[in-house]
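Residue numbers start from 1 in every chain, and the chains themselves are labelled A, B, ... in the order their sequence lines are given, proteins ahead of strands. Quick caveat: nothing in here was measured; it's all calculated off a predicted structure. These values consider heavy atoms only, across backbone and side chains, with no hydrogens, waters or symmetry-generated copies.
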There are 2 protein chains.
Amino acid sequence: MAATLHDVSRLAGVSIKTVSNVINDYPYVRDSTRQRVLAAIAELDYTPNLSARSLRSGRTNVISLIIPELRNVYFAELADSVMRAASERGLSVLIEQFGNDRESELSVLRNRSGRMVDGILYSVLGLDEADRQAIAEVTTPMVLLGERIFNGPKDHVTMQNVEGSRAATELLLDGGRRRVVALGAHPGEAIGSAGLRLAGYREALEAAGADYDERFVIPAGTWHRADGARAMRAFLETGLPFDGVVAFNDTLALGALRVLQEAGHRVPDDVALVGFDDIDETHYSMPTLSTIDPGRDEIARRAVQLLLRRIADPEPFEPEEIAVPFRVIERESTPARLPALQPEG
Amino acid sequence: MAATLHDVSRLAGVSIKTVSNVINDYPYVRDSTRQRVLAAIAELDYTPNLSARSLRSGRTNVISLIIPELRNVYFAELADSVMRAASERGLSVLIEQFGNDRESELSVLRNRSGRMVDGILYSVLGLDEADRQAIAEVTTPMVLLGERIFNGPKDHVTMQNVEGSRAATELLLDGGRRRVVALGAHPGEAIGSAGLRLAGYREALEAAGADYDERFVIPAGTWHRADGARAMRAFLETGLPFDGVVAFNDTLALGALRVLQEAGHRVPDDVALVGFDDIDETHYSMPTLSTIDPGRDEIARRAVQLLLRRIADPEPFEPEEIAVPFRVIERESTPARLPALQPEG
DNA sequence: ATGAAAGCGCTAACAT
DNA sequence: ATGTTAGCGCTTTCAT
């Protein structure tokens with residue numbers, strides 16, 4: 001049986017209040033008393049019962065991170081960033097995966113609200129406007145990650161999906177490419193990453209005076225490597241000529257890279273390729289992959305900070321909307337740009 | 001303020017015991033009463049306070065998974081497997097990362113023992129015989145993952161490191177390779193994955209009558225992609241002729257692959273390459289990577305099962321040692337083996 | 001500087 | 001089939 005405050009106080013010959021004071025670094029404890037208490041704690045190998053502490057204080061110092069799945073490298077790296085940011089603030093992280101279907105996403109959202117956590121970081125995947133209600137109803141403090149939900153009912157830390165994707169597309173257009181394939185679209189979707197990144201792609205085309213052609217937009221329901229390979233193969237079968245590929249994330253891009261090379265297309269000579277996310281692997285693929293660094297660490301840091309404020313602040317305040325800066329990372333899969341080569345120049 | 005059992009019981013006009021009975025699916029509740037209680041629960045949007053429940057019952061239904069880092073794809077996939085296995089048994093998973101140094105590994109191990117969890121799954125990385133005491137002292141039910149610690153003081157579910165690595169090496173030797181580089185050694189280490197996989201490599205060489213040459217064993221402290229690239233480059237600089245590479249994990253292999261190709265070595269024609277872990281990416285590299293599937297899902301399933309037994313069983317029982325089966329996965333980075341081509345044949 | 005005592009919300013004996 | 005009650009171990013007034 002584990003030792004309790006009472007055991008310690010008995011052994012040290014003080015009241016439990018004094019032991020509690022020592023544990024919680026209450027300053028007004030005589031030094032000799034403190035020593036006696038510490039000795040008793042060490043002897044009994046006492047550790048506070050966190051369930052009791054939580055019950056009493058109403059705080060658990062645990063937050064949950066709700067993501068689609070850890071197998072997806074992007075989310076593993078996000079989880080890593082979140083755990084580091086959380087750990088700096090003394091928080092532990094309970095990860096919940098919901099897979100890739102909307103049903104379980106909703107059910108995780110509903111069930112976990114009461115889950116012994118102080119707050120929730122939730123990386124929205126499949127929900128949209130229609131589910132705003134479900135999101136608004138969550139009473140546990142919650143911060144949304146990674147997507148943009150307009151006028152969202154909750155705090156929200158996002159990457160710049162549209163701007164990043166536009167910059168990625170411009171990387172190809174500025175290099176003189178004109179027939180650029182977009183990989184990973186979700187037809188009909190407006191406010192998820194797929195919709196936003198498609199919007200950025202279109203913006204870039206328009207700004208460059210290039211035509212938007214639906215045949216160059218290839219859907220991919222999920223964004224695994226295999227989906228990228230499949231989507232690329234599907235496009236190749238159309239026989240349409242092309243000279244660039246914007247993939248909506250890095251794993252799609254890496255799956256496509258494989259298929260391009262098998263089919264004899266040289267990257268970047270014949271086809272320039274750019275991804276999105278800047279996962280570790282993009283440094284080591286052959287060729288290395290140009291991509292967009294969405295600012296994951298910054299997203300994690302800001303999200304944890306915002307969540308803590310939301311947990312601590314009894315006064316409700318207006319939901320905040322934070323978009324962190326992104327960076328364009330040029331590597332071997334896109335040819336070097338000439339500094340001043342603008343389409344209209 | 002969140003509703004409590006008392007609020008519900010008052011609204012439903014029953015005692016809190018009855019409400020508790022309904023929540024815990026106690027069968028002997030009149031149906032009309034149950035309906036009344038359920039209605040009250042719905043109206044008040046009641047969810048049980050899990051801290052109180054834990055305090056009372058002594059169970060949290062949370063286990064922690066202690067791993068080096070999620071950024072490492074192997075551990076992300078392991079975490080995914082563990083979370084699925086845990087979720088099937090009604091458990092949530094609190095992940096703790098300790099990075100790559102022995103100090104923080106020990107400190108996580110010590111501190112988290114009291115962390116409001118029913119049990120711990122701990123993927124040992126840097127500890128060895130000298131730390132057996134620290135491991136034995138953990139009082140929370142704990143199951144070790146992934147390494148072999150002989151006569152371990154705790155339950156242990158492991159992959160077959162020696163046998164798997166031997167099989168990987170034999171894949172090259174059977175293909176006629178004789179000058180096989182080993183990548184990722186930890187000099188002096190005996191009981192970690194690096195030591196065990198090196199032992200498997202040596203066993204295979206001996207069995208095939210090939211010489212063991214220390215110059216062909218390249219150390220790599222951590223096993224990231226960059227380390228594989230660095231180690232491969234270091235070996236290439238020796239100028240020694242070689243025709244095969246056994247990497248002690250897949251990311252090392254993929255980093256090495258990149259360097260080999262840059263240096264003009266064709267894989268598998270000039271150099272055959274095999275990894276270990278069967279991470280998702282090995283299906284999509286160019287060429288695809290032959291590897292060892294260590295049986296992650298099975299490891300996770302058995303570990304959770306064993307941990308639950310350890311948590312439930314008041315009688316201490318002998319620590320179990322479980323080694324799950326592995327599979328050799330032949331892909332493009334090793335040439336097809338001729339069925340009966342044995343070295344002595 | 002330290003002690004006494006109440007109570008957080010729940011489960012599980014024990015009653016009836 | 002349902003009600004009463006005693007804690008689980010801690011923090012937190014309120015005393016002294």
- Message: Evaluate Thr60(B) against Leu50(B) for side chain to side chain contact (heavy atoms under 4.5 Å, CB included), listing each step before the verdict.
- Response: CA-CA 8 Å; Thr60(B) 60; Leu50(B) 298 181; over 6 Å; no

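Shortest non-hydrogen contact noted between Ala79(A) and Leu70(B) is CB-CD1, 3.6 Å. Of all the heavy atoms in Ala85(B) and Val304(B), the pair that sits closest is CB-CG2, 3.9 Å.
A donor-acceptor pair under 3.5 Å is absent between the side-chain atoms of Ser64(B) and the main chain of Leu94(B), judged by distance alone.
A straight line from CD of Gln35(A) to P of dT2(C) spans 12 Å, rounded to a whole angstrom. Met116(A) places its CE atom 16 Å from the C1' atom of dC8(C), with the value rounded to the nearest Å. Going from atom CG of Asp25(A) over to atom P of dT12(D) covers 14 Å, rounded to whole Å.
Between the side chains of Glu96(A) and Tyr122(A), not a single donor N or O lies within less than 3.5 Å of an accepting N or O. Judged by distance alone, the side chains of Ser193(B) and Asn161(B) never bring a donor and an acceptor atom under 3.5 Å apart.
In the set dG3(C), dG3(D), dG9(C), dG9(C) carries the atom at the smallest distance from any side-chain atom of Leu55(B).
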- For nucleotides 10-16 of chain C, read 5' to 3', which letter fits each nucleotide if B means a protein heavy atom sits under 4.0 Å from the base, S means only the sugar-phosphate is that close, and - means neither? BBBB---

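For Thr18(B), a side-chain nitrogen or oxygen approaches OP1 or OP2 of dG3(D) to under 4.0 Å.
Contact annotation: the side chain of Leu307(A) never approaches that of Leu91(A) to less than 4.5 Å [non-hydrogen atoms, C-beta and beyond].
Checked against salt bridge (charged side-chain N to carboxylate O under 4.0 Å, His left out), Arg301(B) has the following partners two or more places apart in sequence or in another chain: Glu298(B).
Counting any heavy atom pair closer than 4.0 Å across all strands shown, Thr33(B) reaches sugar-phosphate atoms only and no base atom.
For the helix from dA1(C)-dT16(D) to dT16(C)-dA1(D), the angle separating the two terminal helix axes comes to 30°, with each axis derived from five pairs and the value rounded to 10°.
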